[in-house]
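This report refers to the structure that appears directly beneath it.
A note on names: the letters A, B, ... follow the listed sequences, proteins ahead of strands, and every chain is numbered from 1. Side-chain atoms are counted along with the backbone in the values below, which use heavy atoms only and exclude waters and symmetry mates.
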Amino acid sequence: MSFVITTPLYYVNDKPHLGSIYTTIICDAIARYKRLMGEQVIFITGVDEHGLKIQRKANENSIDPQIHCNQISNIFTENWMDWDITYDKFIRTSSKHHETVVNEFYGRVKKSDDIYMGVQKGWYCVGCEEFKDNPENSSTYKCPIHQKNLEWRNEENLFFRLSKYQSQIEEIINNPTFIQPKERRNEIINFVSKGLKDFSISRTNVAWGISVPGLDKHTFYVWFDALLGYVSALSLDEKEDSLNKAINGGWPANIHLIGKDILRFHAVYWPAMLISAGLELPKKVLGHGFLTREGQKMGKSLGNVLDPKLLLSKYGRDPVRWFLIKDISLGNDGDFQNKRFVDIINNDLANTIGNLLNRTSSMSRKWFKNKVPNDVKTTENNELASLSKITVDRYINNFNAYKLDLASSDILNFAINTNLYLNDKQPWILIKQDSNIPYVKEIIYNVLESTRIIGLLLLPILPELSAKIDVQLGCIYKKESPWQGQLKWGLLNQDSELPNPFPIINKLEYE
RNA sequence: GUCUCGGUAGCUCAGCUGGUUAGAGCGGUGGAUUCAUAGCCCACAGGUCGCGUGUUCAAGUCACGCUCGAGACACCA
């Protein structure tokens, strides 16, 4: 059994923004965690490349849509490399491979008698390229974005019989763990209770897309294309493309991590489509919140978009990861404030965790010949050992519940308490009397052991920082042996060398 | 317009099924200390718990009304 986690397939109308980075980093942390826990992980990400907007964008630049997609798609993979995202599959919806899966999936849904030809009628804004739902005064209504009158359109589309799945969808979303967070679940329940309507799955005016088999003018509309990427990604390494290969590759997904704006499509449309095609359902759909900046929505028109590339070059990966994971509770909206960012990095990472390691290593080196103390009877009968056990338990529970912010706080609290332990024991005073040496050894050993465990717990969240901690403890993490086993107390080797300490993170300054 | 969620210290937020002097983190101020990255540790915030009414022996915690903010109300990648 593998653990399958997905980001949305990002739309290639532009390079990745902070929101995409956020989603992807969260998925990455979860994927790393699950791997460390010994699970076989398939971490899927990718891009959605079809649609009118892309077609137009390419036209504006007088290039072929495929060329445009190649360019942006490359930017995405480069970004994921820069951010050290450990994805396993990167699916592109313009790939032949994906097309095969879409067609087969469509075949199955059609066989279930869930496809019919209908007419999409409605008021259409040419500027938005969208139908507007505005039944009352549409003839005088102007599109709020474009301030233009709407046009009445009559378009032939294929429809999917979503209405048929009303009761089944109700049952699915009734499961309290299927949609998270629960506030959004209520919204979906409310939405579904009003009655599901069939939705259109093809367009006739969009050339850049996957052609519907047997219907020349039609291409599949986004939800019958992009969502399938989660499935088609699973057979990326197969020589022959086929839906069955993909399904056998690990379907269903354990979790779809998405932005709250596309929750409905994942929690309502998608399950219905899967039932129709005879596929299993994803276990969970988690809609996270949006990021604001200094309390304001980010937008091109406001000109306050935070460029992730800039963040990366200015602060590095781990500080940004820490902020996004620890300071924003998954599901809620989050606000990026520069001052807050600097404060939390300096406090949590530099002062609390970094300085703890530094002061501990320094003492040990100074008093015990640059080594971890020897002749220590490692006992689990001390406050740090029991605190460690409690911390590890909480952390694992929180991580399993996708409460990454709380799991991060568990680590931090452990570091704070280890600092307190030091201040309480005051080994720098005890060491002045030789008779205290055995006790001081024990104290220092315990504190070093705490930092070792803190480093290990940080591994899925802040891989680089974790590695630096490991280096300063003498490279004791064993990649080959199970991570969870190494979280046990007392595994730090006595009398092993401690390298010269260096700051694991530089303090940031206010702008 | 209808529905949902929220309005708690300068900032970000905890406060489960109502019950002693309302909590944490950050920022700010003072102190103690030196193993350490001016760091860790200790102390200090006199907050009408949005406003009002009600239920109750007792309400931040329940009910109703008002107000402010966020979101949902189908094709918004």
Side-chain angles (χ1 to χ4, degrees), chain A residues 8-13 47-54 93 120 122 128-133 136 145 157 159-160 162 181-201 203 221-227 229 258-265 268-269 289-290 292 295 297 326-329 332-335 337 339-340 342-344 346-367 409 412-413 415-416 418-431 440 443-444 447 501-507:
Chain A
L9 302 197
Y10 301 109
Y11 203 45
V12 293
N13 58 346
V47 284
D48 170 16
E49 307 181 280
H50 290 133
L52 194 59
K53 283 182 194 159
I54 300 303
T93 60
Q120 172 97 308
C128 301
E129 301 281 4
E130 261 172 33
F131 285 95
K132 299 285 173 185
D133 192 35
E136 288 116 34
I145 302 165
N157 287 159
F159 278 77
F160 171 72
L162 181 64
K182 61 173 184 295
E183 304 88 283
R184 303 252 159 63
R185 175 171 165 254
N186 291 338
E187 284 176 8
I188 298 287
I189 287 175
N190 197 271
F191 167 79
V192 172
S193 71
K194 289 177 181 163
L196 293 174
K197 290 192 263 179
D198 300 343
F199 67 93
S200 65
I201 62 159
R203 292 289 118 111
Y221 186 55
V222 53
W223 304 115
F224 230 79
D225 175 352
L227 288 171
I258 52 168
K260 61 184 181 182
D261 54 331
I262 51 174
L263 182 57
R264 185 198 313 141
F265 307 107
V268 179
Y269 289 27
F290 287 155
T292 53
K297 271 185 190 170
K326 147 86 180 3
D327 210 44
I328 297 170
S329 97
N332 291 346
D333 286 351
D335 191 34
Q337 291 174 265
K339 183 173 185 308
R340 171 85 186 155
V342 170
D343 283 342
I344 148 171
N346 287 345
N347 272 294
D348 298 351
L349 302 186
N351 294 346
T352 302
I353 295 175
N355 183 51
L356 171 66
L357 173 68
N358 195 267
R359 70 194 295 211
T360 309
S361 170
S362 299
M363 282 186 271
S364 197
R365 284 169 51 85
K366 188 176 288 184
W367 302 330
S409 295
L412 190 64
N413 285 330
I416 289 170
T418 308
N419 270 320
L420 280 172
Y421 173 89
L422 268 178
N423 279 65
D424 185 43
K425 304 291 183 196
Q426 299 187 301
W428 49 90
I429 291 175
L430 294 174
I431 195 71
V440 172
I443 293 167
I444 297 300
V447 176
F502 60 93
I504 52 171
I505 189 159
N506 292 320
K507 290 201 188 177

Grab the [atom1]-[atom2] distance between [X] and [N] for me, whole Å please.
| X | N | atom1 | atom2 | answer |
| --- | --- | --- | --- | --- |
| A/Asn346 | B/G25 | CG | C1' | 15 Å |
| A/Asn423 | B/A43 | CG | C1' | 15 Å |
| A/Gln426 | B/A32 | CD | P | 15 Å |
| A/Asp327 | B/A24 | CG | P | 18 Å |
| A/Lys425 | B/U34 | NZ | P | 19 Å |
| A/Phe265 | B/C76 | CZ | P | 7 Å |

Of the candidate nucleotides [options], which contains the atom at the shortest distance from the side chain of [X]?
| X | options | result |
| --- | --- | --- |
| A/Ile504 | B/C35, B/U37, B/C42 | B/U37 |
| A/Glu187 | B/C75, B/G71, B/C41 | B/G71 |
| A/Leu420 | B/C41, B/C75, B/C35 | B/C41 |
| A/Trp428 | B/U33, B/A38, B/C76 | B/U33 |
| A/Ser362 | B/U37, B/C35, B/C75 | B/C35 |
| A/Leu162 | B/C76, B/A74, B/U37 | B/A74 |
| A/Asn351 | B/C40, B/U37, B/C35 | B/C40 |
| A/Phe191 | B/A74, B/U37, B/C41 | B/A74 |

When you compare [N] with [M], how far apart are their [atom1] atoms, in angstrom units rounded to a whole number?
| N | M | atom1 | value |
| --- | --- | --- | --- |
| B/A74 | B/C66 | P | 25 Å |
| B/G27 | B/A70 | C1' | 26 Å |
| B/C68 | B/G15 | P | 27 Å |
| B/A9 | B/C5 | C1' | 23 Å |
| B/G54 | B/G18 | C1' | 15 Å |
| B/C16 | B/U61 | P | 11 Å |
| B/U2 | B/C26 | P | 44 Å |
| B/C11 | B/G46 | P | 14 Å |

Residue mapping more 5' on RNA chain B - nearest nucleotide basis, A/Gln337 or A/Leu196: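 This one resolves to A/Gln337.
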5′-ward residue of the pair A/Lys260/A/Tyr11 relative to RNA chain B: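 Going by which nucleotide is closer to the 5' end, it is A/Lys260.
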Minimum-distance pair of heavy atoms, taken over all atoms of A/Ile258 and A/Ile262: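 Here A/Ile258 and A/Ile262 meet closest at CD1-O, 3.7 Å.
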Nearest non-hydrogen partners of A/Ile353 and A/Ala415, listed with the distance: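 Scanning both residues, the minimum pair turns out to be CG1-CB, 3.9 Å.
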Passing candidate, side chain to side chain contact (heavy atoms under 4.5 Å, CB included) with A/Ile443, options A/Thr360, A/Ile431, A/Leu430: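 Single side chain to side chain contact (heavy atoms under 4.5 Å, CB included) partner of A/Ile443 among A/Thr360, A/Ile431, A/Leu430: A/Leu430.
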Cationic N near anionic O, under 4.0 Å, A/Asp333 to A/Lys260: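 So A/Asp333 pairs with A/Lys260 through a salt bridge.
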Salt bridge (Lys or Arg N to Asp or Glu O under 4.0 Å) involving A/Asp343 - partner list, sequence neighbours excluded: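 Only A/Lys339 meet the salt bridge (Lys or Arg N to Asp or Glu O under 4.0 Å) criterion with A/Asp343.
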Please work out if [X] contacts a base, only the sugar-phosphate, or nothing of the nucleic acid, heavy-atom cut-off 4.0 Å.
| X | answer |
| --- | --- |
| A/Tyr221 | base |
| A/Gly334 | nothing |
| A/Ala350 | base |
| A/Asn355 | base |
| A/Phe159 | base |

Distance-only donor-acceptor test, A/Asp261 side-chain atoms vs B/C76 base atoms, 3.5 Å: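 Absent.
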Short side-chain N/O contact to B/C76 OP1/OP2 from A/Tyr269, under 4.0 Å: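 The answer is no; no side-chain N or O of A/Tyr269 sits under 4.0 Å from OP1 or OP2.
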Base of B/C75 and ring of A/Phe199 stacked, centres under 5.5 Å, planes under 30°: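 A/Phe199 vs B/C75: stacking no.
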Output a table of nitrogen or oxygen pairs between the protein and nucleotides 1-3 of chain B separated by less than 3.5 Å.
none

Any donor and acceptor pair, going by atom type alone, linking the side chain of [X] with main-chain N or O of [Y] inside 3.5 Å?
| X | Y | answer |
| --- | --- | --- |
| A/Thr352 | A/Asn347 | yes |
| A/Ser362 | A/Asn358 | yes |
| A/Asn413 | A/Ser409 | yes |
| A/Ser200 | A/Phe159 | no |

Close side-chain approach of A/Arg359 to A/Asn419, heavy-atom, < 4.5 Å: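 They are in contact (side-chain heavy atoms under 4.5 Å apart), so the answer is yes.
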Expected rows: protein N/O vs nucleotides 26-31 of chain B N/O, under 3.5 Å:
{"unit_1": "B/C26", "atom_1": "O3'", "unit_2": "A/Asn347", "atom_2": "ND2", "d": "3.0"}
{"unit_1": "B/C26", "atom_1": "O2'", "unit_2": "A/Asp343", "atom_2": "OD2", "d": "3.2"}
{"unit_1": "B/G27", "atom_1": "OP1", "unit_2": "A/Asn347", "atom_2": "ND2", "d": "3.0"}

By ring-ring contact (aromatic ring centres under 6.0 Å, His included) - contacts of A/Tyr421 (at least two apart):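 Once residues adjacent in sequence are excluded, A/Tyr421 has no partner under the ring-ring contact (aromatic ring centres under 6.0 Å, His included) criterion.
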Pairing residues for A/Tyr11 by the ring-ring contact (aromatic ring centres under 6.0 Å, His included) criterion, not counting sequence neighbours: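 For A/Tyr11, no residue satisfies ring-ring contact (aromatic ring centres under 6.0 Å, His included) once neighbours in sequence are set aside.
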is_close_aromatic(A/Phe199, A/Tyr269), centroid dist under 6.0 Å: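 A/Phe199 vs A/Tyr269: aromatic centres under 6.0 Å.
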RNA chain B: stems of at least 3 consecutive Watson-Crick or G-U pairs whose donor-acceptor distances fall under 3.5 Å: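 So far as stems of 3 or more pairs are concerned, RNA chain B shows B:1-7 with B:67-73, B:10-13 with B:23-26, B:28-31 with B:41-44, B:50-54 with B:62-66.
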Residue pair A/Ser329 / A/Asn332, side-chain donor-acceptor N/O under 3.5 Å: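 Judged by distance alone, the side chains do pair up.
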